There are 2 protein chains.
Amino acid sequence: MAVTRATAQQSIVRDALQAHDGFRSAQDVFADLRAAGHRIGLSTVYRHLQSFAAQGIADVIHDGDGEATYRYCGESHVGEHHHHLVCRHCGRAEEVEGGPVERWAAQTARRFGYVELDHTVELFGVCGNCRSYLPS
Amino acid sequence: MAVTRATAQQSIVRDALQAHDGFRSAQDVFADLRAAGHRIGLSTVYRHLQSFAAQGIADVIHDGDGEATYRYCGESHVGEHHHHLVCRHCGRAEEVEGGPVERWAAQTARRFGYVELDHTVELFGVCGNCRSYLPS
DNA sequence: CGCTTACTGGGAATGATTCTCATGAGCGAT
DNA sequence: ATCGCTCATGAGAATCATTCCCAGTAAGCG
Ligand SMILES: [Mn+2]
Ligand SMILES: [Mn+2]
Ligand SMILES: [Zn+2]
Ligand SMILES: [Zn+2]
């Protein structure tokens with residue numbers, strides 16, 4: 001599943017991801033690359049995004065419709081376990097530590113006798129920037 | 001979006017959900033109902049499951065593939081905000097309170113200047129029952 | 001410079017969810 | 001109990017993200 005050779009396509013997919021600070025879908029990235037004049041296949045975009053995620057270089061979040069969105073992981077958090085605070089308007093995301101959550105999760109699982117624990121924790125809101133633009 | 005009239009189909013979809021203590025997909029519920037000899041359409045199953053969710057009667061979780069799964073909410077937690085500890089093997093789920101998580105989420109959002117906060121928190125593991133059946 | 005093997009990409013296939021719309025059934029009013 | 005309006009139903013088509021297939025291409029190594 002991990003695509004390892006250094007190809008031109010791998011580069012442009014990585015660059016496209018890094019160019020934004022928010023989560024973007026494979027379809028989005030594909031459309032942007034094509035619009036920018038790059039010759040690349042949709043399958044290839046999927047392959048690399050998933051490969052980045054498998055390597056921990058990128059994070060994945062499934063949006064409300066279940067569509068997978070990817071984000072290039074910030075330098076300081078590559079590989080480390082962390083979560084995100086995502087602006088549901090512009091897609092911008094902050095990487096956050098989950099200290100209290102991790103402890104609560106472990107304790108809760110123990111209480112119910114569950115093992116091999118894992119968890120998904122994502123925070124959504126409207127960022128300071130978008131707040132000014134938006135009504136209500 | 002909420003289907004309100006008391007129809008036979010609404011009943012059997014509700015019953016099918018209540019009959020299991022784990023999260024199940026619309027496709028699963030549909031297959032079961034058909035196998036049990038009920039005449040019902042797939043669209044109708046989707047309609048009712050989504051309606052239950054909109055009313056807070058059922059919970060929804062998107063599984064790893066982004067497929068939506070539904071679960072009839074336990075009596076004591078209907079309407080109240082809560083989370084789940086789900087067995088990734090048999091689908092069984094425990095309803096859990098997220099006290100520490102709620103506080104952490106609010107504090108984190110404030111720190112980054114985000115408003116209109118919301119969050120998804122789901123715990124996954126292997127339940128005590130399944131642990132005995134499973135290898136490794 | 002070859003060779004081997006992994007990568008590419010167009011198109012077809014898959015599978016969940018949504019849409020359309022003619023038919024059927026709640027239920028409030030009579 | 002009946003009528004009639006409105007909403008619910010369901011079969012099939014449509015949508016859309018993601019995966020599969022596979023012949024052609026290029027990376028990396030000697
Ligand atoms: Mn990250
Ligand atoms: Mn619940
Ligand atoms: Zn924003
Ligand atoms: Zn289990």
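In what follows, chains are A, B, ... by sequence order, proteins preceding strands, each numbered from 1. Everything numeric here is computed off the predicted structure, so don't read it as measured data.
- Applying the salt bridge (charged side-chain N to carboxylate O under 4.0 Å, His left out) test to B:Arg88 and every residue at least two apart in sequence or in another chain returns nothing.
- C:dA6 atom C1' lies 12 Å from atom CD of A:Gln9, rounded to whole Å.
- Residue-to-nucleotide proximity on DNA chain C shows that, of A:Val45 and B:Arg5, the 5′-proximal contact is made by A:Val45.
- Residue contacts shown for A:Ala8 are absent, as no nucleic acid heavy atom lies under 4.0 Å away.
- Using a 4.0 Å cut-off between a side-chain N of Lys or Arg and a carboxylate O of Asp or Glu, B:Arg71 and B:Asp21 do not qualify as a salt bridge.
- Taking the C1' atoms of five terminal pairs at each end of the helix from C:dC1-D:dG30 to C:dT30-D:dA1, the two resulting helix axes are inclined by 40°, rounded to 10°.
- Here A:Tyr70 pairs with nothing under the side-chain hydrogen bond (donor to acceptor under 3.5 Å, both in side chains) rule; sequence neighbours left out.
- With sequence neighbours excluded, no residue forms a salt bridge (charged side-chain N to carboxylate O under 4.0 Å, His left out) with A:Glu122.
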With B for base contact, S for sugar-phosphate-only contact and - for none (protein heavy atoms under 4.0 Å), nucleotides 13-18 of chain C reads ---SBB

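- Residue B:His48 contributes atom NE2, which lies 14 Å from atom P of C:dA25 at whole-angstrom precision.
- Residues satisfying the salt bridge (charged side-chain N to carboxylate O under 4.0 Å, His left out) criterion with B:Glu67, sequence neighbours excluded, are absent altogether.
- Between the side chain of A:Arg34 and the backbone N or O of A:Ile40 there is at least one donor-acceptor pair closer than 3.5 Å.
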All N/O donor-acceptor pairs, side-chain side in residues 43-52 of chain B, below 3.5 Å, sequence neighbours left out:
| residue | atom | partner | partner atom | Å |
| --- | --- | --- | --- | --- |
| B:Thr44 | OG1 | B:Arg47 | NH2 | 3.3 |
| B:Tyr46 | OH | B:Gln27 | NE2 | 3.2 |
| B:Ser51 | OG | B:Val3 | N | 3.0 |
| B:Ser51 | OG | B:Gln55 | OE1 | 3.0 |

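- Annotation: A:Phe23 is in aromatic contact with A:His84 [ring centroid separation under 6.0 Å].
- For B:Asp65, there are no salt bridge (charged side-chain N to carboxylate O under 4.0 Å, His left out) partners at least two apart in sequence or on another chain.
- Of all nucleotides in DNA chain D, those with any atom nearer than 4.0 Å to a heavy atom of chain B start and finish, going 5' to 3', at D:dT6 to D:dG12.
- Grouped by direct or indirect side-chain proximity (heavy atoms under 4.5 Å, Ile/Leu/Val/Met/Phe/Trp/Tyr only), A:Leu123 sits with A:Leu85, A:Val96, A:Val101, A:Trp104, A:Phe112, A:Tyr114, A:Leu117, A:Val121, B:Leu85, B:Val96, B:Val101, B:Trp104, B:Phe112, B:Tyr114, B:Leu117, B:Val121, B:Leu123.
- Not a single ring-ring contact (aromatic ring centres under 6.0 Å, His included) links A:His62 to another residue, sequence neighbours left out.
- B:Arg47 comes within 4.0 angstrom of a nucleotide base, judged by non-hydrogen atoms across all strands.
- Counting any heavy atom pair closer than 4.0 Å across all strands shown, B:Thr7 reaches sugar-phosphate atoms only and no base atom.
- Taking the six-membered ring for Trp and the full ring otherwise, the centers of A:His83 and A:His119 sit less than 6.0 Å from each other.
- The stretch residues 10-22 of chain B has no heavy atom under 4.0 angstrom from DNA chain D at all.
- Across all their heavy atoms, B:Gly113 and A:Arg131 have their closest contact at O-NH2, 3.8 Å.
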